[in-house]
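To find a chain, count down the sequence lines: A is the first, B the second, and so on, and within it residues start at 1.
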Amino acid sequence: MKQDAKKSLSRRIAGLVLLKIIPAVLLVYLLVFTGAYVFSVKYKLKQLHQTYAPGGDSLSYSAEEWNLIRQKSLLNARVKMSDSDSIGMTINFGDSLVQLEMKGVVLRQAKFDEAEISRFFRSIHPAAYEKFFSNPFSITEIEGSIVKEPITVKKAPKDSLEAAQNITVADTSRVKEFIEWHFQLDSTLVISFVQSDRQFGKTDWPTIQYRLRRHSKKLKEINQALLSFRMPAYYPEITVFIPKNEAKSFFRALPQSGLVSLKF
Amino acid sequence: MNLQNDQAATGAEANYKGKKREKTGFLKKNLVRIFAIVLFYILFVPFLLFATPWLAEWFLPARKTERQLVAEEGKEKAIKKLQTDITALERKIERLTPGNAYLIVNTTENKFYLYKNRKLMREGLCSTGSYISLEGEGDNKWVFKTPRGDYRIRGKITNPVWRKPDWAFVEEGLPIPPANDPSRYEQGVLGDYALALGDGYLIHGTLYQRFLGLPVTHGCIRMNDADLKEVYETLPIGAKVFIY
């Protein structure tokens, strides 16, 4: 009888914890998280406007003028990017075009059909836009579901007999690899590339691992900020869907601290 | 004794059935609540990661220009200036592309693109670095990768002879001979032509044409005979080679 009562009590406590206390705590956390995030987004936009258009932007722009401002900003950024010795990238969301460039020479060009652009970019005033996007951004972090340099370590054979036996076989373990990667620019914005042709590869384990790594890092950063009563960092994000071979070539070609020019 | 046992057994059974009924009743009564809480647990992290940013961005104001897309008076001058600036910048960028011949090599796909007068003359398969890191005795280590960047053609050679570097012997498990030992020189393995890029890197032919399109070289760029001939004839010394 005593045992039954003990069991029933522990069941009740477990039910209370699982069905009431934890959901309540998570709900409060969710509200705090969402609230802080809303403020963080607004703060980021305000900060950007204060930095790049401190006097405010009371002018109104015609569609033609606005289009020309964006075009000029991109060209300015590309000219500045051409001074660099390394490979850079230009993403033109107006023409749905991604290209690799080196010293102004276009090395590769790819059209994309689909892109998810954060609403943040549509809220930037033209005066701030012109200053913000007239310079190329620097890559501060780049990571993907594949390695940047697929290095295979091989021990030197002891003699010619061992060398003859050491036939290198091509690594086919990830023939159907799924290409997904992202870079962070000047610790301000994030651009992700995802392969658009899904029939040539499913989301495999390395891709899931990459996503988990990325999302857990983001959650960790926000949690740390919330626990220390700071505003969480917000990175407006863009996702570009391009063919697999393009996504792979762009990822492998871009250097760790390469430059990127953008046009929205 | 038997009767007592039977009674005890029936009592235990009734007790068990009662508890089971109680449990089922609790589940039936709270099914919606339990389902909602389980769903909440499942959707918690995806909500934080995806729905929260979307919700937060939803509160942002739309840009002024999207509401006021009407041309105003006195804007013609500003538009004209913008157009002039754009033309000047476009010319500046256009001038950066070499007018003469140049070569682009994609090391990920192992393809090359030969341009002349800003037009694509030829494209095809090539082979670039294998990304094998060969570890020899002691600290000896060689990484076989084609360097990325912009290079120039520094020399053009017909009927090149390969001077085998140390790694070629280490890879074959052979002792490394002295610097100018005759065993270091091999004829006919680099094809009919070679174009030097500096630091020992060459664009040359290959005996292993079946590997074209694959990353199998020690850092050089290999091409088939016909492609190599056209590249050799088109690119003068000093021509640019972009490798990415």
Side-chain angles (χ1 to χ4, degrees), chain A residues 19 23 26 30 33-34 37-38 40-42 45 60-66 68-69 71-72 75-76 78-79 82 85 87 100 102-105 107-108 118-120 122-126 149-163 168 170 215 218-219 245 248-249 252-253, chain B residues 33-34 37 40-41 44-45 47-49 52-53 55-66 68-72 75 78-79 82-83 85-86 89-90 92-93 96-98 102 104 106-109 130-137 143 145 148-150 170-174 214 242 244:
Chain A
L19 301 176
L26 291 180
L30 196 74
F33 187 95
T34 311
Y37 216 89
V38 170
S40 176
V41 172
K42 286 205 163 189
L45 187 67
S60 60
Y61 298 84
S62 68
E64 190 189 0
E65 194 180 6
W66 172 225
L68 291 171
I69 287 172
Q71 209 176 326
K72 189 186 160 189
L75 290 169
N76 262 324
R78 282 183 65 196
V79 167
S82 69
D85 284 334
I87 297 167
L100 274 183
M102 187 187 265
K103 294 192 169 172
V105 180
L107 305 180
R108 191 183 185 95
S118 158
R119 199 182 147 89
F120 179 86
R122 276 186 274 157
S123 305
I124 303 172
H125 292 161
E149 290 195 337
I151 287 176
T152 314
V153 178
K154 200 174 142 187
K155 286 264 172 215
K158 284 181 191 119
D159 48 43
S160 52
L161 201 76
E162 199 185 310
T168 310
H215 295 317
K218 188 180 168 183
L219 280 179
N245 61 330
K248 194 171 177 178
S249 291
R252 293 256 160 98
Chain B
R33 218 172 113 203
I34 291 168
I37 287 167
F40 176 71
Y41 276 131
F44 181 72
V45 173
F47 189 89
L48 286 184
L49 286 169
T52 307
L55 261 174
E57 285 168 5
W58 196 73
F59 288 104
L60 287 172
R63 192 187 294 120
K64 216 163 89 185
T65 46
E66 288 187 338
Q68 294 186 344
L69 294 176
V70 191
E72 281 181 10
K75 287 280 178 187
I79 288 174
L82 277 168
Q83 281 168 337
D85 290 349
I86 287 169
L89 286 165
E90 276 173 343
K92 205 171 176 180
I93 288 177
L96 293 168
T97 304
Y102 65 97
I104 294 177
N106 175 350
T107 60
T108 308
E109 289 190 307
S130 64
Y131 278 101
I132 285 174
S133 170
L134 180 69
E135 291 180 354
E137 275 176 20
V143 180
K145 65 175 181 183
R148 294 190 175 116
D150 70 318
V170 174
E171 200 177 34
E172 287 174 23
L174 297 169
L214 295 170
F242 298 97
Y244 72 92

Going by heavy atoms in the side chains, are [X] and [Y] under 4.5 Å from each other?
| X | Y | answer |
| --- | --- | --- |
| B/L49 | A/K218 | yes |
| A/M102 | B/Y244 | no |
| A/K154 | B/S130 | no |
| A/R122 | B/E57 | no |
| B/F47 | A/T34 | yes |
| B/P98 | A/V105 | yes |
| A/Y37 | B/L55 | no |

Out of [options], return the one with the most heavy atom pairs under 4.5 angstrom to chain A.
| options | result |
| --- | --- |
| B/V170, B/L82, B/L174, B/T97 | B/L82 |
| B/E90, B/E109, B/R33, B/K92 | B/E109 |
| B/F44, B/Y102, B/F59, B/W58 | B/F44 |

Chain B heavy atoms under 4.5 Å from [X]: which part of the residue, side chain, backbone, both or neither?
| X | value |
| --- | --- |
| A/L45 | side chain |
| A/K103 | both |
| A/I87 | side chain |
| A/L100 | side chain |

(request) Just jot down the side-chain hydrogen bond (donor to acceptor under 3.5 Å, both in side chains) partners of A/K42, sequence neighbours excluded, or say none. (result) none

Drop me the distance from [X]'s [atom1] to [Y]'s [atom2], to the nearest 0.5 angstrom.
| X | Y | atom1 | atom2 | answer |
| --- | --- | --- | --- | --- |
| A/I151 | B/I132 | CD1 | CD1 | 10.5 Å |
| A/I69 | B/I79 | CD1 | CD1 | 9.0 Å |
| A/E149 | B/Y131 | CD | OH | 4.5 Å |
| A/N76 | B/D85 | CG | CG | 8.0 Å |
| B/E172 | A/E162 | CD | CD | 13.5 Å |
| B/I34 | A/L19 | CD1 | CG | 6.0 Å |

Answer with side chain, backbone, both or neither: which region of [X] has an atom nearer than 4.5 Å to a non-hydrogen atom of chain A?
| X | value |
| --- | --- |
| B/D150 | both |
| B/I104 | side chain |
| B/I86 | both |
| B/F40 | side chain |

(message) Between A/R119 (side chain only) and B/L60 (backbone N and O only), is there a donor and an acceptor less than 3.5 Å apart?
(response) yes

(message) Under the criterion side-chain contact (heavy atoms from CB on, under 4.5 Å), I'd like the reasoning laid out for A/R252 against B/T107: C-alpha separation, chi angles, the key distance, then a yes or no.
(response) CA-CA 9 Å; A/R252 293 256 160 98; B/T107 60; over 6 Å; no

Top contributor to chain B interface from [options] [non-hydrogen pairs under 4.5 Å]:
| options | answer |
| --- | --- |
| A/L219, A/L75, A/V38 | A/L75 |
| A/S40, A/A253, A/S249 | A/S249 |
| A/L161, A/V79, A/N245, A/L107 | A/L107 |

For a quick test of reading the model, state the closest non-hydrogen atom pair linking [X] to [Y] and the distance between them.
| X | Y | answer |
| --- | --- | --- |
| A/A156 | B/G136 | CB-CA, 3.8 Å |
| B/E171 | A/P157 | O-CG, 3.3 Å |
| B/G173 | A/A163 | N-CB, 4.1 Å |

